[in-house]
Amino acid sequence: MDASVDPVGYYTDAFTSTVSEALRSLGIQDEPIIERPRKGESDLCLPCFNLAKRAGLRPDTLATMVLERMLPSELFHVSSVSGYLNCTFEPGRYVKDLAVHMWSRGGDIGLSPPNGERVTVEHTSANPNGPFHVGRARNPVLGDTLVRMLRADGSEVEAQYWVNDMGKQAMLLVWGMHNIDASELGPAEREKKDHQLVRFYQAANAKMETDPSMEPLINVLLRNYEAAVASLDMDRVISAEGRPVIRAKDVRSACELVLDGMKSSLSDLNVAMDSFVYESKVVSDGSLQRVIEGLRKSPLCREENGALYLDLTGLVDEQKDEEFKKRFVLTRSDGSGLYTTRDIGYHLWKLSMCDRAINVLGEDHKYQSLQLSIALKELGQERLPETMFYSFVSLPEGKMSTRRNRVVFLDDLLDEAVSNAREEVLKRRSDLSPEGLEAISRSVGIGALRFNMVRVQPDKQIVFRWEEALNFDGASAPFVQYSHARACSILGKDPSGFLGEVDWSMLVEPSEMKLVRKLSELGPVISLGARERKVHLMAPYLVELASFFNEFYRDCPVLKEEDPSRRKARMALVELSRRVLGRGLWCLGIDAPMSM
RNA sequence: GGGCCUGUGGCUUAGCCUGGAUAUAGCGCCGGCCUUCUAAGCCGGAUGUCGGGGGUUCGAAUCCCCCCAGGUCCGCCA
């Protein structure tokens with residue numbers, strides 16, 4: 001068999017066509033639905049229940065009849081068990097074919113060739129008014145993992161952060177920075193700019209709650225600011241009640257300052273963005289106006305007191321939602337745009353730049369996202385953004401809230417993770433340099449955090465508990481990292497041990513064969529993540545793989561193996577495991593340390 | 001009030017879209033394994049009305065209906 005052919009598909013096709021032929025010889029024309037059994041020894045199965053029903057036979061009778069009519073194959077053998085036709089690939093041959101195929105990919109294992117698809121993943125996009133808290137930390141972790149898995153799957157991906165520099169939050173921040181004396185504020189939690197500047201935002205917010213003149217003031221500023229942005233006059237002085245308050249360009253620079261601090265948290269989490277797109281872009285390049293003009297032509301569009309809205313009444317039944325908000329407001333009475341309107345402009349632009357747009361959003365954005373899609377359809381947009389929603393992380397005592405001071409900052413969690421990891425490393429290693437200790441502690445600490453945020457289905461709520469967030473035992477990043485380090489340790493003792501021709505048929509031990517099979521599941525796990533956005537399946541896959549590697553490690557001595565050919569095959573299996581574990585961890589944005 | 005999401009051993013969780021063979025793992029608990037390539041490991045054991053009730057089906061954790069609990073949304077806010 002040619003090394004470039006994927007054995008899974010090859011064997012599956014062989015079984016499928018043999019089954020189809022046998023079925024046809026029984027006069028059954030249905031295309032058989034071949035499944036992967038969840039349990040049991042076999043590799044594939046054909047449940048015969050529905051076929052038997054249509055043929056008027058008992059399932060086990062049909063299975064046996066099909067079995068009797070199947071041509072024998074060198075690739076697999078088949079048995080009939082309680083209504084199932086079970087197919088088991090010829091173990092030695094299959095494992096060898098898998099290993100040869102994987103080995104031929106070299107260091108590129110798990111990377112598909114470019115598929116020509118351009119994907120934009122928008123994630124994180126938190127308002128630039130203060131540091132990240134862990135309530136939203138799932139967003140960058142899920143988003144970045146998706147980006148990595150798409151890249152591994154061969155897509156050309158852009159990770160995009162949509163920065164809200166046009167809204168009330170941004171204006172409150174700037175107003176605070178220019179009108180509140182720093183000496184009136186309490187000390188900041190950290191030196192980082194996001195922690196420093198959030199104090200101005202909080203103070204401005206507090207003032208708005210007590211001072212009724214604040215709200216109209218901010219609204220006037222926002223309106224004047226939008227006008228300045230629309231006419232590309234960033235030097236314009238933005239005033240209210242005739243008094244100058246800020247310059248238009250101050251808003252953007254304030255956001256950028258806070259964003260600097262936020263970017264450094266992202267980088268600590270191993271999250272990299274490719275581009276930051278500011279909301280003001282949509283205003284300054286005129287696309288906001290084009291959106292409004294375009295939607296004006298929609299039959300759903302209505303006007304009231306100068307405000308434009310889409311009348312969604314007709315969609316009520318379709319959505320099975322009697323209380324569907326009937327109006328999707330596009331502009332205020334004064335003609336100025338709203339967040340959702342700018343979002344439409346952004347999406348039109350984004351969709352024109354890629355083949356697939358994916359948004360990672362908190363579940364609170366579901367409704368807004370639905371409205372967005374309706375508006376995009378009204379504008380004639382055929383491709384719509386895909387969404388990945390996640391539920392919030394809350395605290396045992398309730399929802400995180402900055403105002404009630406009930407919040408855990410991401411920066412604190414990151415520090416805590418690294419310092420817990422450091423303690424664990426120190427328990428086991430005394431030979432490390434300070435730099436080595438830091439590097440391993442960081443890999444382990446941050447890895448454990450990221451792992452715990454992607455290991456569960458995104459739409460499940462998470463209650464944040466320190467001991468769980470920093471879990472280093474069992475199904476955790478360090479468990480997987482440890483297997484990787486063990487592999488590296490063996491390879492380090494004989495770096496040339498797998499060079500030359502490898503005889504994969506030397507791998508006959510059950511734990512070797514199990515490991516090879518598990519290694520071959522990397523590709524399918526990556527494509528499930530990339531194509532169906534099920535990124536949470538990578539974590540349990542890696543745990544299972546690491547566990548199989550540990551069994552192999554226990555059962556099969558490598559360096560001490562005396563038969564040179566078997567030793568080489570085992571060395572190569574260790575190298576293959578190292579590559580696959582490394583690739584999987586890379587997909588999760590988790591470092592794969594050489595030693596722990 | 002209505003829409004959407006979630007509810008699986010003491011705790012956390014996979015499977016649900018696309019119904020099928022003994023319901024997946026981990027933590028914790030109990031009992032073993034370091035003169036042998038890193039014990040952050042391995043092996044064995046106990047633990048389940050798959051939120052509750054109906055229905056469809058030869059067969060339901062999975063599909064449909066009702067109910068309960070938690071989350072979330074229903075602004076000329078973002």
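Order of the sequence lines sets the chain letters (A, B, ...), proteins ahead of strands, with each chain counted from 1.
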Determine the contact category for [X]: base if any of its heavy atoms lies under 4.0 Å from a base atom, sugar-phosphate if only primed atoms, P, OP1 or OP2 are that close, otherwise nothing.
X	result
A/Pro37	base
A/Glu304	base
A/Tyr482	base
A/Ser489	base
A/Val425	base
A/Pro557	base
A/Lys399	sugar-phosphate
A/Cys488	nothing
A/Ser483	nothing
A/Asn86	base
A/Leu537	sugar-phosphate

Is it the case that A/Arg136 places NZ or CZ above or below the six-membered ring of A/Phe392, under 6.0 angstrom from the centre and within 45 degrees of the axis?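 So A/Arg136 doesn't make the cation-pi contact.
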Side-chain contact test, heavy atoms from C-beta onward, threshold under 4.5 Å: evaluate it for A/Ile358 versus A/Thr387 and give yes or no.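 No. Closest side-chain heavy atoms not under 4.5 Å.
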Taking the P atom in each of B/G59 and B/U47, what is the distance between them to the nearest angstrom?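 Comparing P positions in B/G59 and B/U47 gives a spacing of 29 Å.
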Rounded distance in Å between the C1' positions of B/G15 and B/A21: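 Between the two C1' atoms, the distance is 15 Å.
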Indicate syn or anti for B/C34, taking the glycosidic torsion and treating anything within 90° of 0 as syn.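 Here the answer is syn: the torsion falls within 90° of 0.
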Before giving the answer on salt bridge (charged side-chain N to carboxylate O under 4.0 Å, His left out), spell out for A/Glu521 and A/Arg517 the whole-Å C-alpha distance, their side-chain angles and the decisive distance to 0.1 Å. CA-CA 7 Å; A/Glu521 289 171 25; A/Arg517 283 169 185 254; over 6 Å; no
Round to the nearest Å and state the distance from A/Leu432 atom CG to B/A40 atom P.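 Taking atom P of B/A40 as the reference, CG of A/Leu432 is at 14 Å.
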Return a single string for nucleotides 7-13 of chain B, one symbol per nucleotide in 5' to 3' order, where B is base contact, S is sugar-phosphate-only contact and - is none, cutoff 4.0 angstrom on heavy atoms. SB---SS
Would you sort out whether A/Asp459 and A/Lys366 count as a salt bridge (charged side-chain N to carboxylate O under 4.0 Å, His left out), showing the intermediate values? CA-CA 12 Å; A/Asp459 39 19; A/Lys366 277 189 183 176; over 6 Å; no
Any [X] side-chain N or O less than 4.0 Å from OP1/OP2 of [N]:
X	N	answer
A/Asn550	B/C42	yes
A/Arg486	B/A39	yes
A/Arg428	B/A40	yes

Carboxylate-amine/guanidinium contact A/Arg442 A/Glu438, below 4.0 Å: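 So A/Arg442 does not pair with A/Glu438 through a salt bridge.
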Go through the N and O atoms of the side chain of A/Ser333 and the base of B/C76, and report whether any donor-acceptor pair is under 3.5 Å.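 Donor-acceptor pair under 3.5 Å: yes.
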Assess the side chains of A/Asn359 and A/His347: does a donor N or O sit below 3.5 Å from an acceptor N or O?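 A pair is found: one side chain offers a donor N or O, the other an acceptor, under 3.5 Å apart.
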Among residues at least two apart in sequence or on other chains, which ones pass ring-ring contact (aromatic ring centres under 6.0 Å, His included) with A/Phe464?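 A/Phe464 satisfies ring-ring contact (aromatic ring centres under 6.0 Å, His included) with A/Trp466 only.
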Is the A/Phe328 to A/Tyr309 ring centre distance short of 6.0 Å?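 Judged by ring-centre distance (under 6.0 Å), A/Phe328 and A/Tyr309 do not meet the cut-off.
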